[in-house]
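Numbered from 1 within each chain, the chains take letters A, B, ... in sequence-line order.
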Number of protein chains: 2
Amino acid sequence: MKKKRVTLKDIAKELEVSISTVSRALKDHPDIDKKLREKIQKLAQKWNYIPNPLAMGLLRQQTRVIGVIVPDIVTYFFSSIIEGIENELREAGYYIVISSSKESVQKEIECVNNLLNLRIDGLIVCLAQDSHSTAHFKKVLEHEVPLVFFDRVCLEKKVSTIVTDNISMARDITTHFFENGAKKIAHITGPKHLNIVKERAEGYLKGLEIAGINFDKKYLIHTDLSPESAGRATKKLLALPEKPDAILGVNDTVIFSTMKAIKRIGLRIPEDILLAGFSDEFHATVVEPQLTSVAHPTHEIGRNAAKLILEQILEGRPIQKKIVLNTELHIRESSIRN
Amino acid sequence: MKKKRVTLKDIAKELEVSISTVSRALKDHPDIDKKLREKIQKLAQKWNYIPNPLAMGLLRQQTRVIGVIVPDIVTYFFSSIIEGIENELREAGYYIVISSSKESVQKEIECVNNLLNLRIDGLIVCLAQDSHSTAHFKKVLEHEVPLVFFDRVCLEKKVSTIVTDNISMARDITTHFFENGAKKIAHITGPKHLNIVKERAEGYLKGLEIAGINFDKKYLIHTDLSPESAGRATKKLLALPEKPDAILGVNDTVIFSTMKAIKRIGLRIPEDILLAGFSDEFHATVVEPQLTSVAHPTHEIGRNAAKLILEQILEGRPIQKKIVLNTELHIRESSIRN
DNA sequence: CTGAAAGCGCTAACAA
DNA sequence: TTGTTAGCGCTTTCAG
């Protein structure tokens with residue numbers, strides 16, 4: 001299986017020259033006689049010669065493969081970031097190998113090891129939700145493989161990261177809720193140690209403060225980001241004697257589950273409860289009512305992550321940079337009360 | 001950049017034996033003295049030796065990389081199939097490189113060439129919507145690279161394919177519409193040459209026949225599968241003097257756009273128009289009303305595609321097999337009229 | 001039981 | 001201007 005490809009040797013034999021002559025001719029080396037060069041190039045063209053990346057890789061100790069690890073590839077947020085990464089990297093002649101950590105550190109560690117063994121030239125990661133330890137990423141650094149985190153990040157002191165202005169956006173949504181008459185604003189969020197969770201919660205608290213609302217800890221619920229867990233959190237909130245009149249979700253996926261739970265018990269959005277999420281997925285405008293959400297520049301996140309990897313490869317040394325991308329609040333029906 | 005990894009040579013030098021001895025010891029070759037073998041294995045372990053896949057690849061002429069080309073990676077249908085492929089292939093020690101054709105043959109051809117140049121060990125494809133020509137896939141076959149198509153397929157005579165029972169499902173939805181009082185059933189579909197389009201249209205016609213409804217060609221509209229095009233198609237249908245009272249979409253993404261268009265002009269679902277789609281995306285239960293849809297076993301599609309590739313690699317020859325996977329009709333609010 | 005050598009496809013320093 | 005050689009890391013005959 002798999003037909004043998006044309007090699008330099010084949011061309012050299014046919015033209016009765018040495019392999020290195022062919023090699024040089026094909027890279028337009030000026031040393032080679034013009035006539036001969038053209039002859040070689042023509043045959044290479046005709047035989048459809050393509051250098052073997054395995055051989056090149058072995059020689060240069062590089063694979064031109066960049067690893068990408070995301071919590072899951074099914075969520076719009078991640079898949080569209082991957083799209084951004086791919087666009088940028090493909091142009092530069094790199095390939096990406098995507099691995100899903102399925103939100104588990106265990107799997108994340110496996111992925112890192114697999115990719116390292118594959119000898120990737122760089123690694124782009126969004127942390128799994130339960131990723132506390134950073135030992136496996138230190139290993140990447142030890143191997144001197146360029147590393148970039150996006151959205152959920154760690155090791156910020158040593159690694160380049162792409163993040164968004166979580167604090168200000170969470171703050172703005174919270175005050176926006178208040179301006180639309182909400183007094184009991186809840187926040188369904190994720191695992192405590194994640195930067196996005198900390199930051200969005202911080203923004204939420206700031207927003208409450210600006211609105212002059214006292215923080216009530218029963219309105220802040222942590223989940224593991226799964227739809228089930230988000231559903232449970234919602235039920236818990238709705239079972240309170242003092243039901244919240246607005247809920248901010250740590251992302252849209254969480255809010256979709258919240259929506260389902262709210263509708264199930266017969267409450268109306270936005271009349272009874274205002275809703276907003278983060279990431280502005282495609283389906284934010286499909287659900288009813290349309291969801292207010294913070295639009296993340298997913299393609300930009302992807303492109304920037306790719307660029308940062310490329311930069312490090314080019315420079316041949318680790319770069320520690322932090323890029324904060326601006327997001328946009330898309331206000332829709334779910335958070336407007338007349 | 002990128003620290004040198006431990007090689008057989010390093011171990012050989014340290015232990016003052018030959019490289020080949022180390023190589024043999026590490027694969028438990030019985031020839032090697034047990035003591036020596038253990039010593040070598042211990043050092044390899046300690047130094048964290050991992051064979052260089054580039055060197056192995058060069059030797060064996062294989063990369064352990066499988067290419068995957070999909071129309072886009074952002075749609076739930078495709079990303080969850082990719083997940084299925086990855087699950088299966090990862091277990092077998094293969095990596096996947098994903099490329100998006102963005103529904104364009106042009107890009108599809110580029111992807112095929114890129115992947116071929118990368119020397120992939122196999123290729124899994126879902127055709128781009130405007131992919132008429134099959135020349136680029138014939139090239140894959142010429143290179144004797146295992147090839148599998150799923151969902152949107154071609155070259156069925158030569159290549160393995162994974163498809164679903166489109167005809168019967170489209171038929172069943174159509175009669176289901178009829179049973180719920182629909183008389184003017186429309187079908188918004190995709191480009192004519194795609195197998196899924198042909199088959200679903202065929203099922204639609206069968207359903208009409210069973211229901212005793214005459215086919216009216218103004219109720220069958222082809223799109224290029226984009227949200228915009230689906231929106232336009234819907235508007236066209238709704239502008240008819242005899243508006244349809246049910247619409248079958250060729251997939252859920254199309255139907256989501258249809259939903260938006262219907263709501264915009266103030267018609268109600270399901271009271272005025274019944275709706276159903278194909279693929280049962282996650283968001284089918286988030287939209288309002290919840291969408292009736294044919295659930296595709298996406299993970300199964302992915303796993304089967306991967307298995308078929310693996311089988312061909314193992315057998316060392318092309319296999320022509322057609323796997324038809326069963327789907328399930330999930331009836332929800334959008335198609336029920338009391 | 002172990003080692004030397006060839007070769008996978010390619011590049012680059014060194015000869016000629 | 002062109003060829004020879006070594007070497008990237010590994011496996012696998014073939015010798016010893």
Side-chain angles (χ1 to χ4, degrees), chain A residues 1-41 43-44 47-65 93 116-121 143, chain B residues 1-41 43-44 47-65 93 116-121 143:
Chain A
M1 194 113 202
K2 240 171 144 189
K3 219 162 61 185
K4 201 188 154 299
R5 297 286 215 112
V6 182
T7 67
L8 291 185
K9 205 181 183 179
D10 299 328
I11 299 178
K13 200 185 290 168
E14 174 75 10
L15 264 28
E16 293 177 311
V17 291
S18 80
I19 295 177
S20 35
T21 301
V22 178
S23 170
R24 279 186 278 243
L26 291 181
K27 33 178 61 61
D28 272 329
H29 195 111
D31 274 4
I32 304 292
D33 178 78
K34 203 177 158 214
K35 278 262 172 61
L36 180 57
R37 205 196 313 165
E38 280 166 4
K39 200 166 106 189
I40 292 175
Q41 290 181 350
L43 185 64
W47 281 4
N48 195 11
Y49 167 78
I50 305 281
N52 185 323
L54 254 21
M56 297 288 286
L58 186 56
L59 207 57
R60 306 221 185 289
Q61 298 291 30
Q62 48 143 44
T63 51
R64 298 195 81 77
V65 168
L116 240 28
N117 294 345
L118 182 66
R119 312 296 208 256
I120 44 168
D121 289 344
H143 281 292
Chain B
M1 195 110 201
K2 240 171 143 187
K3 218 162 61 186
K4 203 187 153 299
R5 297 286 216 112
V6 182
T7 67
L8 291 185
K9 205 182 183 179
D10 299 328
I11 299 178
K13 199 184 291 171
E14 175 76 11
L15 263 30
E16 293 177 311
V17 293
S18 79
I19 295 177
S20 34
T21 302
V22 179
S23 170
R24 280 186 277 243
L26 290 181
K27 34 177 60 61
D28 273 325
H29 196 109
D31 273 6
I32 305 292
D33 178 78
K34 202 176 158 214
K35 276 262 172 59
L36 180 56
R37 205 195 316 165
E38 280 166 3
K39 200 166 109 191
I40 292 175
Q41 291 181 351
L43 185 63
W47 280 4
N48 195 12
Y49 168 78
I50 305 281
N52 185 324
L54 254 21
M56 298 288 288
L58 187 57
L59 209 57
R60 305 221 185 289
Q61 298 291 33
Q62 47 142 44
T63 50
R64 298 195 82 78
V65 167
L116 240 29
N117 294 346
L118 182 67
R119 313 301 209 252
I120 46 169
D121 288 346
H143 281 292

Is there a side-chain contact between A/T63 and A/L118 (heavy atoms, below 4.5 Å)?
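No, too far: nothing below the 4.5 Å cut-off.
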Heavy-atom side-chain contact between B/I11 and B/V6 under 4.5 Å:
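SC-SC contact between B/I11 and B/V6 confirmed.
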Please list, one pair per line, the donor and acceptor atoms closer than 3.5 Å that link side chains of residues 15-22 of chain B to other protein atoms, with sequence neighbours excluded.
| unit_1 | atom_1 | unit_2 | atom_2 | d |
| --- | --- | --- | --- | --- |
| B/S18 | OG | B/S20 | N | 3.4 |
| B/S18 | OG | B/S20 | OG | 3.2 |
| B/S18 | OG | B/T21 | N | 3.2 |
| B/S18 | OG | B/T21 | OG1 | 3.0 |

How many whole angstroms separate atom [atom1] of [X] from atom [atom2] of [N]?
X     : N     : atom1 : atom2 : answer
B/K13 : C/dA4 : NZ    : P     : 14 Å
A/Q61 : C/dG9 : CD    : P     : 18 Å
B/D31 : C/dG3 : CG    : C1'   : 12 Å
A/K4  : C/dC8 : NZ    : C1'   : 10 Å

Using the test side-chain hydrogen bond (donor to acceptor under 3.5 Å, both in side chains), find all partners of B/K27 that sit at least two apart in sequence or belong to another chain.
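Here no residue qualifies.
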Kindly write out the residues that satisfy side-chain hydrogen bond (donor to acceptor under 3.5 Å, both in side chains) with A/S23, not counting sequence neighbours, or none if the list is empty.
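A/S23 satisfies side-chain hydrogen bond (donor to acceptor under 3.5 Å, both in side chains) with no residue once adjacent residues are dropped.
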Does A/R24 use its side chain to pair, donor to acceptor, with the backbone of A/D31 at less than 3.5 Å?
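Judged by distance alone, no pair lies under 3.5 Å.
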Need the bend value for the helix from C/dC1-D/dG16 to C/dA16-D/dT1: angle between end axes, 5 pairs each end, nearest 10°.
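Rounded value for the end-axis angle: 60°.
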Distance under 4.0 Å to a non-hydrogen atom of chain A counts as contact; along DNA chain D, which nucleotides mark the start and end?
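Nucleotide range in contact with chain A: D/dT1 to D/dG9.
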Contact list for DNA chain D against residues 47-55 of chain A - heavy-atom distance below 4.0 Å:
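Listed by number, there are none.
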Specify the residues of residues 5-12 of chain B, ordered by number, for which at least one heavy atom lies under 4.0 angstrom from an atom of DNA chain D.
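Heavy-atom contacts with DNA chain D come from B/T7, B/L8, B/K9.
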Under 3.5 Å donor-acceptor pairs involving side-chain atoms of residues 47-60 of chain A, not counting sequence neighbours:
| unit_1 | atom_1 | unit_2 | atom_2 | d |
| --- | --- | --- | --- | --- |
| A/N52 | OD1 | A/L54 | N | 2.7 |
| A/N52 | OD1 | A/A55 | N | 3.4 |

I'd like a table of atom pairs between the protein and nucleotides 12-16 of chain C - only N or O on both sides, under 3.5 Å - with the distance next to each one.
| unit_1 | atom_1 | unit_2 | atom_2 | d |
| --- | --- | --- | --- | --- |
| C/dA13 | N6 | A/R24 | NH1 | 3.4 |

Pairs where residues 5-14 of chain B contributes a residue and the test salt bridge (charged side-chain N to carboxylate O under 4.0 Å, His left out) is met, not counting sequence neighbours:
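Qualifying pairs: B/K4-B/D10.
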Reported CD-to-NZ distance for the pair A/Q62 and B/K2, which is rounded to 0.5 angstrom
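If we round to the nearest 0.5 Å, A/Q62:CD and B/K2:NZ are 7.0 Å apart.
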State the CD-CG distance between B/Q41 and B/L26, to the nearest 0.5 angstrom.
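Output value for this atom pair is 6.5 Å.
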Would you mind telling me which residue lines up with the more 5' stretch of DNA chain C, A/M56 or B/T21, judged by nearest nucleotide?
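Final value for this comparison: B/T21.
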Could you say whether B/R119 or B/I32 is positioned toward the 5' end of DNA chain C, judged by the nucleotide with the nearest heavy atom to each?
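It is B/I32 whose nearest nucleotide is closer to the 5' end.
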Output all residues satisfying side chain to side chain contact (heavy atoms under 4.5 Å, CB included) with B/K34, sequence neighbours left out; order by chain, then residue number.
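Partners of B/K34 by the side chain to side chain contact (heavy atoms under 4.5 Å, CB included) criterion, ordered by chain and then number, come out as B/R37, B/E38.
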For B/K35, salt bridge (Lys or Arg N to Asp or Glu O under 4.0 Å) partners two or more places apart
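For B/K35 there are no salt bridge (Lys or Arg N to Asp or Glu O under 4.0 Å) partners, ignoring immediate neighbours.
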How would you label the contact of B/D33 with the nucleic acid (heavy atoms, under 4.0 Å): base, sugar-phosphate, or nothing?
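The residue B/D33 makes sugar-phosphate contact but no base contact.
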